[in-house]
Amino acid sequence: MPFVEEIVSLTVDGYRLRGWQEVSVDRSADSAEITFNLSATNPSWSAEAKALRQGKAVEIHTSPAGRGMGDLMVRGHVTGYKADYDDDSKSVALDGKSKAADAIDCHPVKHKTGRFENKTLLDVAKELDEVGCGFKTDQQLTNLAKVQRQPLDTIYQTVEREARRLGLMLQGEPDGSINITRAGTKRHAGALVLGESPVKKMGVAIKCDAKFSKIVARGQRATGTGTDALRLEESEDDPSVGRYRPLLIIPEGDWSKKELKQRLQWERLRRAGNGTTITATVSTWRDEAGKLWTPGLLMAIVNEPEDVDGDFSLSSVSFRQGKEGTVAFLTFVDPKAQGGKGTKGKSGKGSDPVFSAGDPGDWV
């Protein structure tokens with residue numbers, strides 16, 4: 001995979017600004033927002049470009065070798081502006097977030113009751129989204145009997161709590177929207193192999209302290225009597241831990257016995273899947289097909305010294321461009337950590353035995 005320089009542009013009020021010396025854009029499957037930082041030395045700032053100081057809406061695009069506008073990386077707002085001067089130069093630095101930041105920070109003050117009945121999670125999200133960040137999904141969602149917003153919940157907090165109940169994730173998209181999704185169903189082209197281009201560095205980290213031998217959830221229904229409503233308790237075991245190590249979870253809201261069990265499965269799989277992470281520094285922002293690295297997509301990873309040979313899900317990507325050239329820092333996890341299928345290939349044979357549990361995709 002040959003090295004290709006990326007030309008990054010920022011558009012504000014219809015004006016396209018290029019020539020950035022330092023570029024940083026961060027995306028994660030676990031985050032509903034995308035963050036960015038840009039800096040330039042001796043920029044020829046026009047009066048229009050000074051709108052960046054006012055928190056205006058912006059778009060960041062990147063193009064291989066400057067061919068056209070290229071791919072959208074972020075649509076959002078500038079959250080910080082800094083200008084430094086010395087005797088013969090000026091440097092300007094910007095930081096910002098995608099549109100989803102408003103859904104994370106803001107409360108839905110227009111909705112009168114905060115209560116929803118017999119609606120999908122996407123329906124609920126759209127009704128709460130008075131800031132207009134945009135919610136979407138690539139999943140088949142069923143109607144929820146009821147959703148009750150807590151008084152101090154932001155838009156995001158209400159939706160995220162219900163997503164957790166269903167084993168779903170809220171992922172920030174380049175257009176500023178939030179996708180209600182599960183990872184591990186689509187993939188990147190090619191493979192990342194230790195010792196071969198574009199891999200500059202690769203690491204494997206295994207941590208066991210996030211796992212528990214028994215995870216217990218306790219709750220109580222808001223209405224009703226009997227064993228299906230009072231003093232509910234469900235548990236999930238992880239035999240790979242090898243010693244007694246319990247964790248108690250008190251889920252938020254009014255959960256049924258089935259929902260408690262699903263919540264525990266999601267918790268166990270995420271903790272086990274995140275126990276093994278693979279990091280790679282690569283000299284490109286794109287896979288072999290030219291697609292920008294995208295959290296949630298599968299990638300074939302080969303690291304023979306560490307017995308790694310299989311599919312892993314991209315958890316986070318940090319795009320960087322500066323003095324050291326154009327690089328991307330990638331972090332991968334087992335797909336089960338993001339609601340996908342277990343690792344395939346040689347790595348899957350040695351996977352934690354908890355990965356043989358039921359597919360989270362069957363939950364809803």
Side-chain angles (χ1 to χ4, degrees), residues 1-8 10 20-39 60-64 70-74 76 93-98 169 171-174 183-184 186-207 210 273-303 305-306 308 310-335 337-338 343 347:
M1 186 185 300
F3 167 77
V4 178
E5 182 184 6
E6 298 281 343
I7 305 299
V8 177
L10 180 146
W20 304 96
Q21 276 77 52
E22 299 284 341
V23 177
S24 171
V25 178
D26 295 317
R27 289 189 65 185
S28 171
D30 295 317
S31 178
E33 65 184 13
I34 302 173
T35 61
F36 62 88
N37 293 271
L38 303 173
S39 63
I60 297 176
H61 289 80
T62 185
S63 174
D71 296 295
L72 177 66
M73 299 186 80
V74 188
L94 311 171
D95 59 75
K97 299 178 180 180
S98 61
M169 305 171 67
Q171 181 173 304
E173 297 294 318
K186 299 179 181 179
R187 63 181 306 110
H188 273 297
L192 295 180
V193 182
L194 179 65
E196 297 183 10
S197 177
V199 177
K200 297 164 69 76
K201 294 173 59 178
M202 184 181 290
V204 177
I206 301 174
K207 291 183 63 65
N274 284 318
T276 299
T277 58
I278 297 176
T279 56
T281 302
V282 296
S283 58
T284 177
W285 285 4
R286 303 171 185 272
D287 67 10
E288 286 189 1
K291 181 178 180 61
L292 287 172
W293 297 116
T294 303
L297 269 61
L298 295 173
M299 187 69 189
I301 308 290
V302 180
N303 183 325
E306 292 297 326
V308 172
D311 288 344
F312 289 81
S313 181
L314 183 58
S315 176
S316 66
V317 53
S318 296
F319 300 99
R320 298 289 187 270
Q321 187 165 264
K323 295 178 181 178
E324 297 185 1
T326 301
V327 297
F329 299 97
L330 311 175
T331 300
F332 297 89
V333 297
D334 190 288
Q338 298 176 348
T343 300
S347 298

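We use all heavy atoms of the structure for the numbers below, so side chains are in, but hydrogens, waters and symmetry mates are not.
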Check the pair L192, V302 against side chain to side chain contact (heavy atoms under 4.5 Å, CB included), reporting the backbone distance first and the verdict last. CA-CA 6 Å; L192 295 180; V302 180; over 6 Å; no
T294/R27 under side chain to side chain contact (heavy atoms under 4.5 Å, CB included): CA gap, chis, key distance, verdict: CA-CA 8 Å; T294 303; R27 289 189 65 185; 3.9 Å; yes
V199 and V193: side chain to side chain contact (heavy atoms under 4.5 Å, CB included), yes or no, with the steps? CA-CA 7 Å; V199 177; V193 182; 5.8 Å; no
Before giving the answer on side chain to side chain contact (heavy atoms under 4.5 Å, CB included), spell out for S315 and T277 the whole-Å C-alpha distance, their side-chain angles and the decisive distance to 0.1 Å. CA-CA 9 Å; S315 176; T277 58; over 6 Å; no
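The side-chain heavy atoms of D71 and S63, taken from C-beta on, include no pair separated by under 4.5 Å. Using a 4.5 Å cut-off on side-chain heavy atoms (C-beta onward), K323 and E22 make contact. Contact annotation: the side chain of V308 approaches that of I278 to within less than 4.5 Å [non-hydrogen atoms, C-beta and beyond]. No side-chain heavy atom of V8 sits less than 4.5 Å from a side-chain heavy atom of H61. At least one side-chain heavy atom of K291 sits under 4.5 Å from a side-chain heavy atom of L297.
In plain terms, the two heavy atoms of L292 and M73 that are nearest each other are CD1-CG, 4.2 Å. Pairing each heavy atom of A300 with each of D311, the nearest pair is CA-OD1, 3.7 Å. Of all the heavy atoms in W285 and R320, the pair that sits closest is NE1-O, 3.4 Å. The nearest pair of heavy atoms linking P174 to L72 is CB-O, 3.5 Å. Closest non-hydrogen pair, K200 versus V282, comes out as CD-C, 4.1 Å. Residue G296 comes nearest to A29 through the heavy atom pair N-CB, 4.4 Å, listed as atom of the first residue, atom of the second, then distance.
Between the side chains of D26 and S318, a donor-acceptor pair is found at a separation under 3.5 Å. T326 and E5 form no side-chain donor-acceptor contact under 3.5 Å, judged by distance and modelled atom types alone.
Here the straight-line distance linking atom CE of M169 with atom OG of S31 works out to 10.0 Å at 0.5 Å rounding. Rounding to the nearest 0.5 angstrom, the gap separating the OG1 atom in T331 from the CG atom in L314 is 7.5 Å. Atom CD1 of I7 is separated from atom OG1 of T62 by 7.5 Å, given to the nearest 0.5 angstrom. To the nearest 0.5 Å, the span separating CH2 on W293 from CZ on F319 amounts to 9.0 Å. One finds the NE2 atom of H188 at 9.0 Å from the OG atom of S313 (value rounded to the nearest 0.5 Å). Note that the OG1 atom of T276 and the CZ atom of F332 stand 14.5 Å from one another [nearest 0.5 Å].
Salt bridge R286/E6: present, at least one basic N to carboxylate O contact under 4.0 Å.
A donor-acceptor pair under 3.5 Å is absent between the side-chain atoms of S28 and the main chain of S316, judged by distance alone.
If you run side chain to side chain contact (heavy atoms under 4.5 Å, CB included) between L38 and each of I60, V25, D95, only I60 comes through.
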